[in-house]
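Shown next, in C-alpha cells, is the structure this report addresses.
Hydrogens, waters and symmetry mates are skipped; everything else that's a heavy atom, side chains included, is used. All values reported here derive from a predicted model rather than from experimental measurement.
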Amino acid sequence: MALDFPPSWFAERLEDRTTRGIARDTAMLIRRGTLPVGAKLPPVRDLAYALGVSPATISEAWSDLRRQKIISGRGRNGTWVSGDRFVAKPERLASFGNYGPDVLDLSKAVPDVALLPPLEDALRHGAKAENLNSYDRTRILPELENAARRDWPYEPEALLATNGGYNAVYTLLHALVPQDAPVAIEDPTAMRLLDILEDLSVPIIPVACDREGPLPASLAEALAQKPAAFLFQPRIHSVTSHCVSAARMAALGDVLEGSDTLIIEDDGVADIALTPRLTLGNRFPDRVIHILSYSKTLGPDMRLAVLSGSASLVEQIQSYRSFSAGWTSRILQSAVAWLLNDEETQVQLDRTRHIYHERARKFGEALAAEGVTPPNGSGLCCLLPVPSEPFAMVTLAARRIAVAPGSKFSPRPMSAVRIATSILDESQITEVASAVALASRPLG
C-alpha cells in the first residue's frame, strides 16, 4: 500500500517556496529516506494551496525531479517517488551492453584498433611538452595550435584544446546556451549528443536530413522556433556516414543568414572522411564553433579535440572550464601535435580512410546482392531502415550479431538499425549481409 503524505506535511518541511527551493528540499527529503521510494505525492493544486504558491511553481519543481528520475507519473494517476539516487546517466548510451566474445559486436561505430597509429614515439614526445606540470591554464599548446591551423577549414580568431569532441559539446552548451533554451539538431544524430541535450533538459528541435545533410526547409522551420543553437555534423555523419555537400552547406548558410542562432559544427569522424572539410566559419565567424575530434583517427585514448570560434566565445567556454579541469593534458596535446606533423602517420591515415571506404562499399554491394537497398555511406557505419526494429534486433541476435537500434539516434520514433562497417572483416561481410537481409524483410 502506497504511503500518502498530505500537503500539510510538506508545508511544515519546505521553507524555501521558490521552484528551485521546493525541488531541492524535496530531493533532500527523498535522499534522507524521510520521503521513501513508493510514496505518493499530493495533487499539484492541493500542495500549491498549502504552500501558498501557484500550481505552476509546483509543476516546474516536479518537472525538475522527473528529469532526475527521482519521481514519476503525473495527471489523474498521481505522482510517486520512484528513486533515491541522484546520479545523472546518459540513458541512450547506458542501454548498450557487453555482448561477450561469442558475439560479433557491430553496435558501436568505432575505429579498427589495428588501423590506429602507434603512440610510443608520440607519447615520448608528449612527455617533454612545453610548460609540463604547470598549473597555468593553457588553452592550447602553440605546437598543437600550429599543427591544427595548418589544415583548419577557415581562419578562426581562437582555438581551444578539449578532452574530446563530446566534452567540447557538453562544455560549450553549458557555457553558452541559456537554461531551457531550445536547440536545433539534425535528425538522426549521435546518441551521445542527444544524451547531453536531454541531460540539460533543453527542448530539442529535430532538423530532417537526406544524403547531402540537413534539409534547408526543415532548418528554416526549426529557426522559426528561435533555437539558441543549431548543432550538426559538417562533413561525414557519425550515424549514416553520409557526407554534407558543398552546395548543401551553402544552402544552410543562406537559411542561417537571417538569424542570430549559434552554429555548432561537430566534426566527430574527422579525417576518416574522403571529402574535404566544410565550415560556415568564413561566413559567420562571430557565431560558428567548429569542433574537430582526433579520437577516430589517432585513437580514443588520446581524448583530444580542438574547437575554434571567436575570441569572445572561446573565452566564455574557457571560463566555464575553470570550474573543473581548466585545461587539457599538455602531454596529450603535444603527442597529438607530433602525430599531426609525422609524415608516416599521415600516410597511414590516408591508407586507413580508403580501407574504411572499401569495407563500407563491399558491405553495400553484399546488401544489394541480397535485395536490400544499400545505404551508400563511406564512414564507420551505416543506418539501415527496417520494417520492425525489434524484429531486426532479435533476428540478428539469434545469429550472434549485435547492432545498435536506430531509435537511439533520433528524438522521434524511428525503425532502423545502425551497423558498424569499420570492423567488418572481408570474410564476415557476406554472412552479415545475409543476416541483415532476413532482419529487413517485411512482416506479415
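Contact check for L176 versus Y320: no side-chain heavy atoms found under the 4.5 Å cut-off. Residues L307 and I291 are in side-chain contact: their nearest non-hydrogen atoms beyond the backbone lie under 4.5 Å apart. Under the 4.5 Å side-chain criterion, counting only non-hydrogen atoms from C-beta, I185 is not in contact with P227. The side-chain heavy atoms of C243 and S378, taken from C-beta on, include a pair separated by under 4.5 Å. Between L215 and V207, every side-chain heavy-atom pair lies at or beyond the 4.5 Å cut-off. Here the side chains of P385 and M414 are not in contact, with every heavy-atom distance at 4.5 Å or above. With a 4.5 Å cut-off on side-chain heavy atoms, T352 and T297 do not count as touching. Here the side chains of V288 and L313 are not in contact, with every heavy-atom distance at 4.5 Å or above.
Residues that satisfy the side-chain hydrogen bond (donor to acceptor under 3.5 Å, both in side chains) test with E130, not counting sequence neighbours, are absent from this structure. F232 pairs by the ring-ring contact (aromatic ring centres under 6.0 Å, His included) definition with F230, not counting sequence neighbours. Legend: residues meeting ring-ring contact (aromatic ring centres under 6.0 Å, His included) with F323, ordered by chain and number and at least two apart, are absent. N376 pairs by the side-chain hydrogen bond (donor to acceptor under 3.5 Å, both in side chains) definition with nothing, not counting sequence neighbours. Scanning for salt bridge (charged side-chain N to carboxylate O under 4.0 Å, His left out) contacts around D187 gives R412, with sequence neighbours left out.
The two residues A129 and S334 make their nearest non-hydrogen contact at CB-CB, 3.6 Å. Taking both residues in full, the closest heavy atoms of M393 and A404 are given as SD-C, 4.2 Å, listed atom of the first, atom of the second, then distance. Annotation for P188 and H237: closest pair O-NE2, 3.1 Å, computed over non-hydrogen atoms. When all heavy atoms of E389 and G406 are compared, the closest pair comes out as OE1-N, 3.2 Å. When all heavy atoms of R418 and C381 are compared, the closest pair comes out as CD-SG, 3.8 Å. Taking all atoms of both residues into account, the shortest heavy-atom contact from V386 to S415 is O-OG, 2.7 Å.
Between F5 atom CZ and R13 atom CZ the span is 8.0 Å, to the nearest 0.5 Å. Atom CG in L304 sits 6.5 Å away from atom OG1 in T162 (nearest 0.5 Å). From T34, atom OG1 reaches atom CG of L29 across 5.5 Å, with rounding to the nearest 0.5 Å. Of the inter-residue distances, the one linking L292 atom CG with L159 atom CG reads 10.5 Å to the nearest 0.5 angstrom. For the atom pair OH of Y170 and CG of L193, the computed distance is 13.5 Å after rounding to the nearest 0.5 Å. How far CG of L280 is from CG of L256: 6.5 Å, rounded to the nearest 0.5 Å.
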- Query: Between D254 and R283, does a side chain to side chain contact (heavy atoms under 4.5 Å, CB included) hold up when you go through it step by step?
  - Reply: CA-CA 10 Å; D254 292 342; R283 192 165 177 178; 2.5 Å; yes
- Task: Would you check, one step at a time, whether the test side chain to side chain contact (heavy atoms under 4.5 Å, CB included) holds for L298 with L340?
- Result: CA-CA 9 Å; L298 303 181; L340 294 178; 4.3 Å; yes
- Task: Could you go through the side chain to side chain contact (heavy atoms under 4.5 Å, CB included) check for L197 and L173 one step at a time?
- Result: CA-CA 9 Å; L197 292 174; L173 288 175; 3.7 Å; yes
- Determine, stepwise, if the pair I22 / F10 fulfils side chain to side chain contact (heavy atoms under 4.5 Å, CB included). CA-CA 10 Å; I22 293 169; F10 287 86; over 6 Å; no
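Under the 4.0 Å criterion applied to side-chain N and carboxylate O atoms, E145 and R139 are not assigned as salt-bridge partners. Using a 4.0 Å cut-off between a side-chain N of Lys or Arg and a carboxylate O of Asp or Glu, D267 and K296 do not qualify as a salt bridge. Between D64 and R20, no side-chain nitrogen of the basic residue sits less than 4.0 Å from a carboxylate oxygen of the acidic one, so the salt-bridge criterion is not met. Salt bridge annotation for R17-D25: absent, with no cationic side-chain nitrogen under 4.0 angstrom from a carboxylate oxygen. A salt bridge does not link R192 with D195: every distance from a Lys NZ or Arg NE/NH1/NH2 to an Asp or Glu carboxylate oxygen is 4.0 Å or more.
A 6.0 Å sphere centred on CZ of R149 holds more than 12 heavy atoms belonging to other residues, nucleotides or ligands. Around the CG atom of D16, the shell of radius 6.0 Å holds more than 12 heavy atoms that belong to other residues, nucleotides or ligands. E15 CD: 12 or fewer foreign heavy atoms inside a 6.0 Å radius.
Between the E212 side chain and the R248 main chain, no donor and acceptor come within less than 3.5 Å of each other. Side-chain N or O atoms of R277 include none that pairs as donor or acceptor with a backbone N or O of P153 at under 3.5 Å. With hydrogens and angles ignored, the 3.5 Å screen pairs no side-chain donor or acceptor of T79 with any backbone N or O of S72. Between the side chain of Y356 and the backbone N or O of D112 there is at least one donor-acceptor pair closer than 3.5 Å.
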Just distance, no hydrogens or angles: give the donor-acceptor pairs under 3.5 Å from side chains in residues 325-332, sequence neighbours left out.
unit_1 : atom_1 : unit_2 : atom_2 : d
T328   : OG1    : A161   : O      : 3.2
T328   : OG1    : N163   : OD1    : 2.8
T328   : OG1    : R321   : NH2    : 2.9
S329   : OG     : I331   : N      : 3.2
S329   : OG     : L332   : N      : 3.2
R330   : NH1    : S134   : O      : 2.9
R330   : NH2    : D136   : O      : 2.2
R330   : NH2    : T138   : OG1    : 3.1

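Residues R150 and N341 bring a donor and an acceptor atom of their side chains to less than 3.5 Å of each other. Side-chain contact check for W152 and S308: at least one donor-acceptor pair (N or O, by modelled atom type) lies under 3.5 Å. Inspection of the S322 and S319 side chains reveals no N or O donor paired with an N or O acceptor under 3.5 Å.
Note on ring orientation: taking the six-membered ring where Trp is involved, the planes of W338 and H125 are tilted (angle from 30° to 60°).
Checking L278, D271, T279, L274 one by one against R235, the side chain to side chain contact (heavy atoms under 4.5 Å, CB included) holds for a single residue, D271.
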